[in-house]
Protein chains: 2
Amino acid sequence: MDARAMGGNKIRNMEEFAALSGISRPTVSKYFNDPGSVRASTRARIEAALEEHDYRPNIYAVNQNRRLTKNIGIVVPYLADPFFAEIARKIELRCIEAGLSPILFSAHGEKDLEVDILDSLRSMKPAGVLLAPLGRISDRGVIEKFCRDVPTILFDSNLDGIGEAFVGSDNFSFVSQSVEYLTRTGNPPILFEMVRPANPNANKRRKAYVSMMERLGFDPQIFQAEGDGWGFEEIGYKEGLRFLDQKPGRTDTVLCSNDRLAIGFLSACFERGIPVGRGETCTLRVAAHDDHPFSRFTCPSLTTVAHDYDQVSNKVIEMLFQLIESGGHFENRSEHLYPAKLVLRSSA
Amino acid sequence: MDARAMGGNKIRNMEEFAALSGISRPTVSKYFNDPGSVRASTRARIEAALEEHDYRPNIYAVNQNRRLTKNIGIVVPYLADPFFAEIARKIELRCIEAGLSPILFSAHGEKDLEVDILDSLRSMKPAGVLLAPLGRISDRGVIEKFCRDVPTILFDSNLDGIGEAFVGSDNFSFVSQSVEYLTRTGNPPILFEMVRPANPNANKRRKAYVSMMERLGFDPQIFQAEGDGWGFEEIGYKEGLRFLDQKPGRTDTVLCSNDRLAIGFLSACFERGIPVGRGETCTLRVAAHDDHPFSRFTCPSLTTVAHDYDQVSNKVIEMLFQLIESGGHFENRSEHLYPAKLVLRSSA
DNA sequence: GATAAAAGTTTACGCGCGTAAAGTTTTTGT
DNA sequence: ACAAAAACTTTACGCGCGTAAACTTTTATC
């Protein structure tokens, strides 16, 4: 009696559990695959037994016999970037709600690791993969091949024609709003960006900047920060110092390509004693894009343009479910871009 | 010929691959479990075949038949905190080097999720688990039971007597250095911390603060910030404003319990126009602990005490390997604390 | 209460691989 | 060159579960 109530007697397999619950193994198996597929009364009996004996099907045996598992691969380029950590968190929680098993991977900024991840993901027979690729340094061929074998939805940064769909933010929306705002309330900005952006979004933002400036009748000016890798703050800081010391082109309004660069840039401004903000006493305005989780704690707090995190992660999940229901393939590859929202803070 | 060179003909199982390589299946199986366990000549033949046919053993079938897998569970309380992202990154890479398969989980600050993670981890038959528990809100009973079933090493925050070992930083080392430094170069600090710290390290830091202050002959003063959850920057900011407006106790030297609080606190200082730093013109010095990845970009840059990330992650890995070799259990539970390093920047 | 439909039971096979046992071949040491 | 050791082959079983087929019981319908 006690031993049963304590769940002390370990159950070896579904056979044993089925015997204890008084239901046949095939029916128990059916229950675990979809609790709604069995009669309410049998379901109750199984669940009663489940409470006493805490048994769980062996996931390896289960997955071996399914063509596809309930695993969802989530791959981000760099998890130490809170932006990705945050969006991964939202997606992960949504998957769990839906009864799927999210498995999180970070390429840690390394091409080879991204390849390795896709390799092991392939042998995991996932029901779907949500992939935010490294971007420029990604091995395009490998990703393309992967996407042919495994149902994959790209997010955050797009690779043309690869994957069953793409969900992300509209870079033009970011830049048009920031440029419009800065121009309307002061002077047109110079764009502060990296020479060799890791992420394709950066290139789209540059194009958007140029086209917006021309549309507004201003001369586009770009400062290109040297540096590689994913230490954006460091690059923003070092090259920010160089920018401030050189003073190339416009120097009263700076638009950073992303918030992490701006965090470093603002740090450089502080060090040089340059008052940043939109007040009378300020000589420099700084804005950026992404609404990084830390942007509201910079000094001054950063005026930026925010991703619609919720919309994007909701759509990613929605597309994932559609993809699973469609058997892993869409007739037409679709791209879903969401507009961004201007967030006014103190820096511009 | 071409089809073979292209690896186009999909190999279904090890049987087929063994036939293609000209080696018997049991020997091929042996190879995959330990390439060094077969003769060099057979190994060469297998690897030659492997290059042409890109076959990988079915992980589910493999893991079903092993008592333990090569999976390593890594569990952190909150992955959106770059501190954990960073240490997880280091550990993950070390596992991969060693031929293990790290699987990363974040409890996202939620007790229930931590329980769920341990639950699914249990059925994954991992060779070992590296667990940084949520701390105060963890379900101690569940973790204790988990650790009895699965070989687990705790890191970052300790739960007395639970797990096969603990590896972390020495909180007394943090606080003694910061208090000593601040006192020597100016006035003794007031401690700025949360009322109900999520993490047990915070409690140890408070005790260390009190004991250090008493040892130095000063009166310990503590400001307790209200607020719950993992949004430390927000709490540091809001309660920082309250602190600055109320001016309770010492107001020229503040020691934040951790960097994330300090990031918010510095933001509050900036907003109130309070010059922070050790210069003549400054009226407030601020220091903290952890050396958060963003601490060097605060304004002013944050004087802090750094974890020895490398030592800790190396030791975690070392203990993990020992644990695996010992068959999942140590005779005696050991605790390994590493001293911290003072990092002088501009804020104090 | 008769009858069809739905759900459950029994039986059986297969998934891909680990691994043991017994026999055969190759390597090693002298 | 020869015996012993090491490595390999062949054969066979089991892991825990998905699932199909044939049959039996329960539920829904009028």
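Every chain is numbered from 1, with letters handed out A, B, ... down the list of sequences. The structure displayed is predicted, hence computed values, not measured ones.
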Subject >> Residues that Y78(A) engages under ring pair (Phe, Tyr, Trp, His ring centres under 6.0 Å), provided they are two or more places apart >> reply: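 By the ring pair (Phe, Tyr, Trp, His ring centres under 6.0 Å) rule, Y78(A) matches W230(A).
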Subject >> Contacts of type ring pair (Phe, Tyr, Trp, His ring centres under 6.0 Å), residue F84(B), not counting sequence neighbours >> reply: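 Per chain and number, F84(B) pairs via ring pair (Phe, Tyr, Trp, His ring centres under 6.0 Å) with no residue.
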Original post:
Could you run down nucleotides 11-16 of chain D 5' to 3' and tag each one B, S or - for protein heavy-atom contact under 4.0 Å?
Top reply: BB-BBB
Euclidean distance, atom [atom1] of residue [X] to atom [atom2] of [N] [Å, nearest integer]:
X: Y31(B); N: dG18(C); atom1: OH; atom2: C1'; answer: 18 Å
X: K30(B); N: dT19(C); atom1: NZ; atom2: C1'; answer: 11 Å
X: K125(A); N: dG18(D); atom1: NZ; atom2: P; answer: 12 Å
X: K70(B); N: dG18(C); atom1: NZ; atom2: C1'; answer: 13 Å
X: R67(B); N: dT19(C); atom1: CZ; atom2: C1'; answer: 15 Å
X: Y60(B); N: dG18(C); atom1: OH; atom2: C1'; answer: 18 Å
X: I23(A); N: dT25(D); atom1: CD1; atom2: C1'; answer: 13 Å
X: E15(A); N: dG18(D); atom1: CD; atom2: P; answer: 12 Å

Original post:
When you check the phosphate oxygens OP1 and OP2 of dT9(C), does a side-chain N or O of T27(A) lie under 4.0 Å from one of them?
Top reply: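 Affirmative; the distance criterion is met.
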Original post:
Under 4.0 Å between a side-chain N or O of S24(A) and OP1 or OP2 of dG8(C)?
Top reply: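 For dG8(C), OP1/OP2 do not have a side-chain N/O of S24(A) under 4.0 Å.
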**OP:** Compute the ring centroids of Y309(B) and F83(B), then answer whether they are less than 6.0 Å apart.
**Re:**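 Yes; F83(B) has its ring centre under 6.0 Å from that of Y309(B).
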**OP:** Using the ring pair (Phe, Tyr, Trp, His ring centres under 6.0 Å) rule, collect all pairs that involve residues 21-50 of chain B, keeping only residues at least two apart or in two chains.
**Re:**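 Ring pair (Phe, Tyr, Trp, His ring centres under 6.0 Å) check on residues 21-50 of chain B returns F32(B)-Y55(B).
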Original post:
Which pairs pass ring pair (Phe, Tyr, Trp, His ring centres under 6.0 Å) with one or both residues in residues 314-336 of chain B, sequence neighbours excluded?
Top reply: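 Of all non-adjacent pairs touching residues 314-336 of chain B, none passes ring pair (Phe, Tyr, Trp, His ring centres under 6.0 Å).
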**OP:** Identify whether any heavy atom of T42(A) sits under 4.0 Å from a base atom; if not, whether one sits that close to sugar-phosphate; answer base, sugar-phosphate or nothing.
**Re:**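 Answer is sugar-phosphate: T42(A) comes under 4.0 Å of backbone atoms only.
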Original post:
Across the strands shown, which category fits N33(B) at heavy-atom distances under 4.0 angstrom: base, sugar-phosphate, nothing?
Top reply: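 If one applies the 4.0 Å heavy-atom cut-off, N33(B) turns out to touch the sugar-phosphate alone, with no base involved.
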Restricting to nitrogen or oxygen on both sides, can you table the protein-nucleotides 28-30 of chain C pairs closer than 3.5 Å?
none

Subject >> Toward the 5' end of DNA chain C, by each residue's nearest nucleotide, S41(B) or G22(A) >> reply: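 Here G22(A) is the residue nearer the 5' end.
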Subject >> R25(A) side chain to N13(A) side chain, donor-acceptor N/O pair below 3.5 angstrom >> reply: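 No - no donor-acceptor pair under 3.5 Å links their side chains.
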Could you tell me which residues satisfy salt bridge (charged side-chain N to carboxylate O under 4.0 Å, His left out) with [X], sequence neighbours excluded, listed by chain and number?
X: K30(B); value: none
X: R136(A); value: none
X: R333(A); value: E335(A)

